[in-house]
Amino acid sequence: MTPSRSDFPPSFVWGTATASYQIEGATTEDGRGASIWDTFARRPGAIADGSTGDVADDHYHRMAGDVALMADLGVEAYRFSIAWPRIQPLGNGEVNRAGIDFYRRLADELLEKGITPWATLYHWDLPQALEDAGGWLERDTAHRFADYAGLVASELGDVVSNWITLNEPWCSAFLGYASGEHAPGRQEGTHAARAAHHLLLGHALALPNIRSAAPEANVGITLNLYSVHAASDSEADRDAARRIDGLGNRLFLDPVLTGAYPDDVLDDLGEAAWFEQNATPDDLAAISAPIDFLGINYYSRHTVRAGTAETLPPGLASTNPGSEFVQFIETGALRTQMGWEIHPDGLVDVLAMATAKAPGLPLYITENGSAYPDVVSADGTVDDPERLDYLQRHLDACREALAAGVPLAGYFAWSLIDNFEWAWGYSRRFGLVHVDYDTQVRTPKSSALWLRDMLRAEVR
Ligand code: FCB
(Lines give C-alpha, C1' and ligand atoms only; values in the text may rest on other atoms or scores of the structure.)
Protein backbone atom coordinates (compact mmCIF):
# COMPACT_ATOMS: atom_id res chain seq x y z
CA MET A 1 0.00 0.00 0.00
CA THR A 2 1.37 3.45 -0.84
CA PRO A 3 1.94 5.25 2.44
CA SER A 4 0.47 8.66 3.06
CA ARG A 5 1.16 11.17 5.76
CA SER A 6 -2.15 10.65 7.51
CA ASP A 7 -1.03 7.09 8.31
CA PHE A 8 1.44 8.58 10.79
CA PRO A 9 0.89 10.54 14.00
CA PRO A 10 0.95 14.33 13.55
CA SER A 11 4.06 14.54 15.74
CA PHE A 12 6.00 12.06 13.54
CA VAL A 13 9.37 13.53 12.55
CA TRP A 14 10.10 13.50 8.80
CA GLY A 15 13.73 14.06 7.96
CA THR A 16 16.70 13.40 5.73
CA ALA A 17 20.24 12.60 6.84
CA THR A 18 23.84 13.24 5.79
CA ALA A 19 27.30 13.08 7.39
CA SER A 20 30.11 15.63 7.45
CA TYR A 21 32.89 13.82 5.57
CA GLN A 22 30.47 12.53 2.97
CA ILE A 23 29.23 15.97 1.88
CA GLU A 24 31.23 18.91 3.20
CA GLY A 25 34.52 19.00 1.28
CA ALA A 26 36.69 21.98 2.35
CA THR A 27 38.84 19.59 4.33
CA THR A 28 41.69 22.03 4.88
CA GLU A 29 39.69 25.22 5.34
CA ASP A 30 39.13 27.41 8.37
CA GLY A 31 41.47 25.48 10.61
CA ARG A 32 39.98 22.00 10.19
CA GLY A 33 42.46 19.32 11.23
CA ALA A 34 42.97 16.02 9.42
CA SER A 35 40.64 13.13 10.14
CA ILE A 36 41.24 9.41 9.75
CA TRP A 37 39.21 9.51 6.53
CA ASP A 38 41.50 12.13 4.97
CA THR A 39 44.40 9.79 5.63
CA PHE A 40 42.66 6.54 4.72
CA ALA A 41 41.22 7.84 1.44
CA ARG A 42 44.79 8.52 0.28
CA ARG A 43 45.86 4.93 0.85
CA PRO A 44 46.20 3.26 -2.57
CA GLY A 45 43.30 0.90 -3.19
CA ALA A 46 41.29 1.96 -0.14
CA ILE A 47 38.52 3.70 -2.09
CA ALA A 48 36.95 1.93 -5.06
CA ASP A 49 37.16 4.88 -7.45
CA GLY A 50 40.35 6.37 -5.98
CA SER A 51 38.45 9.43 -4.77
CA THR A 52 38.53 11.40 -1.51
CA GLY A 53 36.14 13.67 0.38
CA ASP A 54 38.27 16.75 -0.40
CA VAL A 55 35.44 18.34 -2.39
CA ALA A 56 32.53 15.90 -2.03
CA ASP A 57 29.29 17.89 -2.46
CA ASP A 58 31.06 21.15 -1.62
CA HIS A 59 28.36 21.52 1.01
CA TYR A 60 30.66 23.64 3.20
CA HIS A 61 30.29 26.41 0.61
CA ARG A 62 26.78 25.56 -0.59
CA MET A 63 25.13 25.00 2.78
CA ALA A 64 22.44 27.67 2.42
CA GLY A 65 21.40 26.30 -0.98
CA ASP A 66 21.20 22.78 0.41
CA VAL A 67 18.99 23.93 3.27
CA ALA A 68 16.75 25.73 0.77
CA LEU A 69 16.55 22.50 -1.21
CA MET A 70 15.32 20.67 1.89
CA ALA A 71 12.76 23.36 2.54
CA ASP A 72 11.50 22.98 -1.05
CA LEU A 73 11.09 19.26 -0.41
CA GLY A 74 9.06 19.97 2.72
CA VAL A 75 11.48 18.09 4.94
CA GLU A 76 10.98 19.06 8.58
CA ALA A 77 14.09 17.68 10.27
CA TYR A 78 17.70 17.36 9.18
CA ARG A 79 20.22 14.93 10.64
CA PHE A 80 23.76 16.14 9.90
CA SER A 81 27.03 15.37 11.62
CA ILE A 82 29.62 17.62 13.15
CA ALA A 83 33.20 17.05 12.01
CA TRP A 84 35.21 16.68 15.20
CA PRO A 85 38.44 17.95 13.52
CA ARG A 86 36.67 21.21 12.58
CA ILE A 87 35.96 21.78 16.28
CA GLN A 88 39.19 20.40 17.76
CA PRO A 89 41.76 20.02 14.96
CA LEU A 90 43.95 17.75 17.09
CA GLY A 91 41.15 16.15 19.09
CA ASN A 92 41.65 18.10 22.29
CA GLY A 93 41.88 21.60 23.72
CA GLU A 94 40.14 24.83 22.81
CA VAL A 95 37.43 25.02 20.18
CA ASN A 96 38.29 26.26 16.74
CA ARG A 97 35.86 29.16 16.48
CA ALA A 98 35.46 28.92 12.68
CA GLY A 99 34.31 25.31 13.05
CA ILE A 100 31.63 26.16 15.58
CA ASP A 101 30.54 29.12 13.45
CA PHE A 102 29.87 26.90 10.45
CA TYR A 103 27.49 24.64 12.39
CA ARG A 104 25.84 27.63 14.08
CA ARG A 105 25.15 29.13 10.65
CA LEU A 106 23.74 25.78 9.52
CA ALA A 107 21.48 25.51 12.57
CA ASP A 108 20.31 29.12 12.17
CA GLU A 109 19.54 28.56 8.51
CA LEU A 110 17.59 25.40 9.31
CA LEU A 111 15.59 27.03 12.10
CA GLU A 112 14.76 29.96 9.88
CA LYS A 113 13.26 27.52 7.36
CA GLY A 114 11.33 25.63 10.04
CA ILE A 115 13.61 22.57 9.86
CA THR A 116 14.64 20.99 13.18
CA PRO A 117 18.38 20.28 13.52
CA TRP A 118 19.49 16.79 14.66
CA ALA A 119 23.24 16.74 15.21
CA THR A 120 25.35 13.58 15.25
CA LEU A 121 28.58 14.18 17.16
CA TYR A 122 30.56 11.30 15.67
CA HIS A 123 29.95 10.00 12.18
CA TRP A 124 33.39 8.43 11.81
CA ASP A 125 35.75 11.37 11.25
CA LEU A 126 38.10 10.88 14.21
CA PRO A 127 40.88 13.50 14.38
CA GLN A 128 43.98 11.83 12.93
CA ALA A 129 46.02 12.96 15.95
CA LEU A 130 43.88 10.74 18.19
CA GLU A 131 44.34 7.77 15.88
CA ASP A 132 48.09 8.41 16.02
CA ALA A 133 47.77 7.99 19.79
CA GLY A 134 46.01 4.62 19.33
CA GLY A 135 42.50 5.59 18.23
CA TRP A 136 39.48 3.76 19.60
CA LEU A 137 41.65 0.91 20.88
CA GLU A 138 42.70 3.36 23.63
CA ARG A 139 40.40 4.11 26.53
CA ASP A 140 41.59 7.72 26.54
CA THR A 141 39.82 8.35 23.22
CA ALA A 142 36.51 7.94 25.06
CA HIS A 143 37.50 10.78 27.40
CA ARG A 144 38.54 12.96 24.50
CA PHE A 145 35.16 12.34 22.84
CA ALA A 146 33.29 13.23 26.01
CA ASP A 147 35.18 16.54 26.31
CA TYR A 148 34.45 17.36 22.68
CA ALA A 149 30.76 16.49 23.06
CA GLY A 150 30.43 18.74 26.11
CA LEU A 151 32.15 21.62 24.32
CA VAL A 152 29.89 21.36 21.28
CA ALA A 153 26.75 21.13 23.39
CA SER A 154 27.74 24.21 25.38
CA GLU A 155 28.44 26.13 22.17
CA LEU A 156 25.39 25.04 20.19
CA GLY A 157 22.88 23.92 22.83
CA ASP A 158 20.80 27.05 22.26
CA VAL A 159 20.16 26.18 18.60
CA VAL A 160 20.37 22.37 18.56
CA SER A 161 18.27 20.33 20.96
CA ASN A 162 18.49 16.85 19.40
CA TRP A 163 21.83 15.07 19.75
CA ILE A 164 23.10 11.69 18.61
CA THR A 165 26.39 10.76 20.25
CA LEU A 166 27.68 8.05 17.89
CA ASN A 167 26.67 6.77 14.49
CA GLU A 168 26.93 2.98 14.06
CA PRO A 169 29.72 2.04 16.48
CA TRP A 170 29.67 -1.47 14.94
CA CYS A 171 31.10 0.02 11.73
CA SER A 172 33.68 2.15 13.56
CA ALA A 173 34.89 -0.89 15.51
CA PHE A 174 34.68 -3.77 13.05
CA LEU A 175 35.11 -2.10 9.65
CA GLY A 176 37.71 0.28 11.10
CA TYR A 177 39.73 -2.11 13.30
CA ALA A 178 38.92 -5.65 12.08
CA SER A 179 38.33 -5.85 8.33
CA GLY A 180 40.10 -2.56 7.65
CA GLU A 181 37.58 -1.62 4.95
CA HIS A 182 36.99 1.72 6.66
CA ALA A 183 39.33 4.23 8.28
CA PRO A 184 41.67 3.84 10.01
CA GLY A 185 42.02 0.62 8.00
CA ARG A 186 43.49 -1.54 10.75
CA GLN A 187 43.18 -5.32 11.02
CA GLU A 188 43.34 -6.10 14.71
CA GLY A 189 41.08 -9.16 14.66
CA THR A 190 38.94 -9.70 17.71
CA HIS A 191 40.61 -6.78 19.50
CA ALA A 192 38.19 -4.65 17.49
CA ALA A 193 35.67 -5.50 20.20
CA ARG A 194 37.78 -3.37 22.55
CA ALA A 195 37.24 -0.44 20.22
CA ALA A 196 33.51 -1.16 20.52
CA HIS A 197 33.75 -0.84 24.30
CA HIS A 198 35.68 2.42 24.10
CA LEU A 199 33.17 3.83 21.63
CA LEU A 200 30.29 2.95 23.95
CA LEU A 201 32.24 4.39 26.87
CA GLY A 202 32.66 7.59 24.84
CA HIS A 203 28.88 7.71 24.43
CA ALA A 204 28.48 7.08 28.16
CA LEU A 205 30.91 9.80 29.26
CA ALA A 206 29.46 12.26 26.74
CA LEU A 207 25.90 11.93 28.07
CA PRO A 208 26.34 13.84 31.36
CA ASN A 209 28.52 16.44 29.63
CA ILE A 210 25.84 17.12 27.04
CA ARG A 211 23.09 17.16 29.63
CA SER A 212 24.87 19.59 31.93
CA ALA A 213 25.77 21.92 29.02
CA ALA A 214 22.28 21.74 27.49
CA PRO A 215 19.77 20.61 30.13
CA GLU A 216 16.86 20.47 27.69
CA ALA A 217 18.74 18.27 25.22
CA ASN A 218 17.12 15.21 23.72
CA VAL A 219 20.04 12.74 23.53
CA GLY A 220 20.43 9.28 22.01
CA ILE A 221 22.76 6.99 20.09
CA THR A 222 22.35 5.47 16.63
CA LEU A 223 22.99 1.75 16.07
CA ASN A 224 22.88 -0.15 12.79
CA LEU A 225 20.72 -3.20 13.34
CA TYR A 226 20.14 -6.16 11.07
CA SER A 227 17.31 -8.60 10.80
CA VAL A 228 19.15 -11.93 11.11
CA HIS A 229 17.61 -15.23 10.00
CA ALA A 230 18.83 -18.81 10.17
CA ALA A 231 18.68 -20.56 6.80
CA SER A 232 17.08 -23.61 8.44
CA ASP A 233 15.89 -24.80 11.79
CA SER A 234 18.96 -26.95 12.34
CA GLU A 235 20.88 -26.33 15.52
CA ALA A 236 24.01 -25.43 13.60
CA ASP A 237 22.21 -22.83 11.46
CA ARG A 238 20.44 -21.35 14.45
CA ASP A 239 23.82 -21.05 16.16
CA ALA A 240 25.19 -19.22 13.12
CA ALA A 241 22.29 -16.76 13.41
CA ARG A 242 22.96 -16.37 17.13
CA ARG A 243 26.57 -15.44 16.38
CA ILE A 244 25.74 -12.81 13.79
CA ASP A 245 22.82 -11.34 15.73
CA GLY A 246 25.16 -11.30 18.73
CA LEU A 247 28.02 -9.50 17.05
CA GLY A 248 25.92 -7.12 14.96
CA ASN A 249 23.01 -6.32 17.26
CA ARG A 250 23.30 -7.55 20.84
CA LEU A 251 26.93 -6.51 21.46
CA PHE A 252 25.68 -2.91 21.21
CA LEU A 253 22.00 -3.04 22.14
CA ASP A 254 22.46 -5.00 25.36
CA PRO A 255 25.01 -2.79 27.13
CA VAL A 256 23.14 0.38 26.14
CA LEU A 257 19.65 -0.85 26.97
CA THR A 258 20.23 -3.47 29.65
CA GLY A 259 23.66 -2.68 31.14
CA ALA A 260 25.44 -5.95 30.29
CA TYR A 261 27.51 -7.31 27.42
CA PRO A 262 26.22 -10.62 26.05
CA ASP A 263 28.49 -13.34 27.44
CA ASP A 264 28.04 -15.64 24.46
CA VAL A 265 29.40 -12.95 22.11
CA LEU A 266 32.44 -12.21 24.29
CA ASP A 267 33.08 -15.97 24.39
CA ASP A 268 32.74 -16.27 20.60
CA LEU A 269 35.30 -13.50 20.30
CA GLY A 270 37.65 -14.89 22.93
CA GLU A 271 37.53 -11.46 24.58
CA ALA A 272 35.76 -12.39 27.83
CA ALA A 273 38.89 -11.93 29.96
CA TRP A 274 39.62 -8.47 28.54
CA PHE A 275 36.05 -7.32 29.13
CA GLU A 276 36.07 -8.80 32.63
CA GLN A 277 39.09 -6.66 33.46
CA ASN A 278 38.39 -3.51 31.50
CA ALA A 279 34.64 -3.08 31.11
CA THR A 280 34.04 -2.24 34.76
CA PRO A 281 30.65 -2.20 36.50
CA ASP A 282 30.95 1.60 36.55
CA ASP A 283 31.48 1.62 32.78
CA LEU A 284 28.39 -0.52 32.26
CA ALA A 285 26.31 1.64 34.58
CA ALA A 286 27.32 4.72 32.59
CA ILE A 287 26.78 3.03 29.20
CA SER A 288 23.26 2.06 30.23
CA ALA A 289 22.35 5.46 31.69
CA PRO A 290 18.94 6.57 30.40
CA ILE A 291 18.81 7.92 26.87
CA ASP A 292 15.89 9.89 25.46
CA PHE A 293 15.64 7.85 22.27
CA LEU A 294 17.39 5.16 20.27
CA GLY A 295 18.30 5.83 16.65
CA ILE A 296 18.26 2.81 14.35
CA ASN A 297 19.80 2.62 10.90
CA TYR A 298 18.17 -0.15 8.93
CA TYR A 299 19.11 -1.26 5.44
CA SER A 300 18.97 -5.03 5.02
CA ARG A 301 18.78 -8.52 6.48
CA HIS A 302 21.26 -11.37 6.77
CA THR A 303 20.36 -14.99 6.22
CA VAL A 304 23.05 -17.30 7.53
CA ARG A 305 23.88 -20.93 7.87
CA ALA A 306 26.67 -22.85 9.45
CA GLY A 307 29.63 -22.97 7.11
CA THR A 308 33.34 -23.38 7.09
CA ALA A 309 36.01 -20.76 6.78
CA GLU A 310 36.41 -21.72 3.11
CA THR A 311 32.79 -20.93 2.31
CA LEU A 312 33.03 -17.35 3.55
CA PRO A 313 33.08 -14.64 0.91
CA PRO A 314 36.39 -12.74 1.11
CA GLY A 315 36.34 -10.07 3.78
CA LEU A 316 33.49 -11.42 5.82
CA ALA A 317 35.67 -13.45 8.15
CA SER A 318 37.58 -10.38 9.14
CA THR A 319 34.48 -8.16 9.31
CA ASN A 320 32.89 -10.61 11.68
CA PRO A 321 35.79 -11.81 13.81
CA GLY A 322 35.01 -14.93 15.74
CA SER A 323 32.31 -15.87 13.23
CA GLU A 324 34.41 -17.76 10.74
CA PHE A 325 32.04 -20.69 10.74
CA VAL A 326 29.14 -18.76 9.32
CA GLN A 327 28.01 -18.53 5.73
CA PHE A 328 25.92 -15.63 4.43
CA ILE A 329 23.53 -17.02 1.84
CA GLU A 330 21.65 -15.73 -1.17
CA THR A 331 17.90 -16.00 -0.70
CA GLY A 332 17.05 -14.84 -4.20
CA ALA A 333 15.47 -11.61 -2.93
CA LEU A 334 16.16 -8.41 -4.87
CA ARG A 335 19.25 -6.45 -3.92
CA THR A 336 20.26 -2.82 -4.29
CA GLN A 337 23.43 -1.77 -6.11
CA MET A 338 25.28 -2.22 -2.80
CA GLY A 339 24.38 -5.92 -2.97
CA TRP A 340 22.19 -5.43 0.13
CA GLU A 341 19.05 -7.53 0.15
CA ILE A 342 15.78 -5.57 0.17
CA HIS A 343 13.69 -6.77 3.10
CA PRO A 344 11.24 -4.17 4.50
CA ASP A 345 9.82 -6.62 7.08
CA GLY A 346 13.24 -6.58 8.71
CA LEU A 347 12.64 -2.95 9.67
CA VAL A 348 9.68 -4.14 11.75
CA ASP A 349 11.91 -6.88 13.24
CA VAL A 350 14.65 -4.50 14.39
CA LEU A 351 12.17 -2.05 15.89
CA ALA A 352 10.55 -4.93 17.78
CA MET A 353 13.99 -6.13 18.91
CA ALA A 354 14.76 -2.71 20.45
CA THR A 355 11.32 -2.34 22.00
CA ALA A 356 11.56 -5.77 23.62
CA LYS A 357 14.74 -4.65 25.41
CA ALA A 358 13.54 -1.14 26.29
CA PRO A 359 9.75 -0.96 26.29
CA GLY A 360 8.43 2.53 25.70
CA LEU A 361 11.78 4.06 24.62
CA PRO A 362 11.12 6.35 21.64
CA LEU A 363 12.74 4.98 18.47
CA TYR A 364 13.74 6.82 15.32
CA ILE A 365 14.82 5.36 12.04
CA THR A 366 17.83 7.65 11.65
CA GLU A 367 18.86 6.12 8.28
CA ASN A 368 17.23 4.00 5.62
CA GLY A 369 17.82 4.16 1.91
CA SER A 370 19.16 2.53 -1.24
CA ALA A 371 21.82 2.98 -3.90
CA TYR A 372 21.12 2.74 -7.62
CA PRO A 373 23.08 3.95 -10.64
CA ASP A 374 20.89 6.99 -11.36
CA VAL A 375 21.28 9.02 -14.52
CA VAL A 376 20.06 12.43 -15.58
CA SER A 377 17.76 12.07 -18.61
CA ALA A 378 17.88 14.28 -21.67
CA ASP A 379 14.99 16.31 -20.26
CA GLY A 380 16.97 17.00 -17.09
CA THR A 381 14.95 14.75 -14.78
CA VAL A 382 16.21 11.79 -12.73
CA ASP A 383 13.81 8.89 -12.57
CA ASP A 384 14.56 6.43 -9.76
CA PRO A 385 11.63 3.99 -9.55
CA GLU A 386 13.60 1.40 -7.57
CA ARG A 387 14.54 3.87 -4.84
CA LEU A 388 10.96 5.13 -4.74
CA ASP A 389 9.72 1.58 -4.29
CA TYR A 390 12.31 0.95 -1.54
CA LEU A 391 11.25 4.15 0.24
CA GLN A 392 7.54 3.42 0.02
CA ARG A 393 7.92 -0.18 1.17
CA HIS A 394 10.04 0.80 4.17
CA LEU A 395 7.62 3.59 5.13
CA ASP A 396 4.89 1.01 4.91
CA ALA A 397 6.91 -1.12 7.33
CA CYS A 398 7.12 1.90 9.67
CA ARG A 399 3.37 2.17 9.53
CA GLU A 400 3.05 -1.51 10.33
CA ALA A 401 5.36 -1.18 13.33
CA LEU A 402 3.34 1.79 14.61
CA ALA A 403 0.13 -0.20 14.24
CA ALA A 404 1.74 -2.95 16.35
CA GLY A 405 2.34 -0.40 19.10
CA VAL A 406 6.07 0.29 18.61
CA PRO A 407 6.94 3.83 19.78
CA LEU A 408 8.45 4.88 16.46
CA ALA A 409 8.70 8.66 16.47
CA GLY A 410 10.37 9.57 13.18
CA TYR A 411 12.08 8.56 9.93
CA PHE A 412 15.18 10.06 8.30
CA ALA A 413 15.85 9.06 4.71
CA TRP A 414 19.47 8.36 3.81
CA SER A 415 20.40 10.54 2.12
CA LEU A 416 19.42 14.06 1.22
CA ILE A 417 21.99 14.15 -1.59
CA ASP A 418 24.32 11.76 -3.39
CA ASN A 419 27.65 11.78 -1.59
CA PHE A 420 30.99 10.12 -0.83
CA GLU A 421 29.96 6.58 0.06
CA TRP A 422 33.03 5.68 2.11
CA ALA A 423 35.04 2.82 0.56
CA TRP A 424 32.84 3.06 -2.55
CA GLY A 425 33.71 6.69 -3.17
CA TYR A 426 31.29 8.39 -5.56
CA SER A 427 30.37 5.12 -7.30
CA ARG A 428 27.26 4.59 -5.16
CA ARG A 429 24.41 7.11 -5.11
CA PHE A 430 22.05 7.09 -2.10
CA GLY A 431 20.60 10.60 -2.54
CA LEU A 432 16.99 11.65 -2.92
CA VAL A 433 18.67 14.47 -4.81
CA HIS A 434 21.15 13.77 -7.61
CA VAL A 435 24.51 15.55 -7.61
CA ASP A 436 26.53 16.15 -10.77
CA TYR A 437 30.04 16.07 -9.32
CA ASP A 438 31.49 18.10 -12.22
CA THR A 439 29.13 21.03 -11.83
CA GLN A 440 27.70 20.48 -8.33
CA VAL A 441 24.22 20.86 -9.83
CA ARG A 442 21.55 19.30 -7.61
CA THR A 443 18.49 17.64 -9.21
CA PRO A 444 15.72 16.16 -7.06
CA LYS A 445 15.04 12.59 -8.21
CA SER A 446 11.48 11.34 -8.64
CA SER A 447 11.67 9.72 -5.17
CA ALA A 448 12.32 13.17 -3.67
CA LEU A 449 9.37 14.65 -5.58
CA TRP A 450 7.09 11.87 -4.35
CA LEU A 451 8.21 12.49 -0.75
CA ARG A 452 7.60 16.23 -1.20
CA ASP A 453 4.09 15.64 -2.50
CA MET A 454 3.33 13.11 0.21
CA LEU A 455 4.50 15.49 2.94
CA ARG A 456 2.65 18.46 1.47
CA ALA A 457 -0.59 16.73 0.67
CA GLU A 458 -1.81 16.56 4.20
CA VAL A 459 -0.15 19.44 5.97
CA ARG A 460 -3.00 21.11 7.76
C1 FCB B 1 25.58 3.73 6.83
C2 FCB B 1 26.33 5.00 7.16
C3 FCB B 1 26.05 6.14 6.23
C4 FCB B 1 25.91 5.68 4.79
C5 FCB B 1 24.97 4.51 4.68
C6 FCB B 1 24.75 4.02 3.27
O7 FCB B 1 26.27 2.64 7.35
O8 FCB B 1 26.01 5.44 8.47
O9 FCB B 1 27.04 7.12 6.38
O10 FCB B 1 27.14 5.43 4.25
O11 FCB B 1 25.43 3.45 5.48
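Whatever order the structure lists ligands and atoms in, that order sets their numbers, starting from 1. What you see is a predicted model, and the numbers here were worked out from it, not measured in a lab.
The closest side-chain donor-acceptor pair between H59 and D66 falls under 3.5 angstrom. Using modelled atom types and a 3.5 Å distance limit, the side chains of S227 and H229 yield a donor-acceptor pair.
Applying the salt bridge (Lys or Arg N to Asp or Glu O under 4.0 Å) test to residues at least two apart or on different chains, none of the pairs has a partner in residues 160-170. Applying the salt bridge (Lys or Arg N to Asp or Glu O under 4.0 Å) test to pairs two or more places apart or on separate chains, those with a residue in residues 124-137 are E131-R186.
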Requested in this report: Show your reasoning for whether side chain to side chain contact (heavy atoms under 4.5 Å, CB included) applies to L130 and D140.
Outcome: CA-CA 9 Å; L130 294 184; D140 188 56; 5.8 Å; no
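With sequence neighbours excluded, the residues forming a ring pair (Phe, Tyr, Trp, His ring centres under 6.0 Å) with Y299 are W340, listed by chain and number.
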Which atom pairs, nitrogen or oxygen on both sides, join ligand 1 and the protein at under 3.5 angstrom?
unit_1, atom_1, unit_2, atom_2, d
ligand 1, 7 (O), E168, OE1, 2.5
ligand 1, 7 (O), E168, OE2, 3.1
ligand 1, 8 (O), H123, NE2, 3.2
ligand 1, 8 (O), N167, ND2, 2.9
ligand 1, 8 (O), E168, OE1, 3.4
ligand 1, 8 (O), E168, OE2, 3.4
ligand 1, 8 (O), E367, OE1, 3.1
ligand 1, 8 (O), E367, OE2, 3.0
ligand 1, 9 (O), Q22, OE1, 2.7
ligand 1, 9 (O), H123, NE2, 2.8
ligand 1, 9 (O), W422, NE1, 3.0
ligand 1, 10 (O), Q22, NE2, 3.4
ligand 1, 10 (O), E421, OE1, 2.7
ligand 1, 10 (O), E421, OE2, 3.1
ligand 1, 10 (O), W422, NE1, 2.9

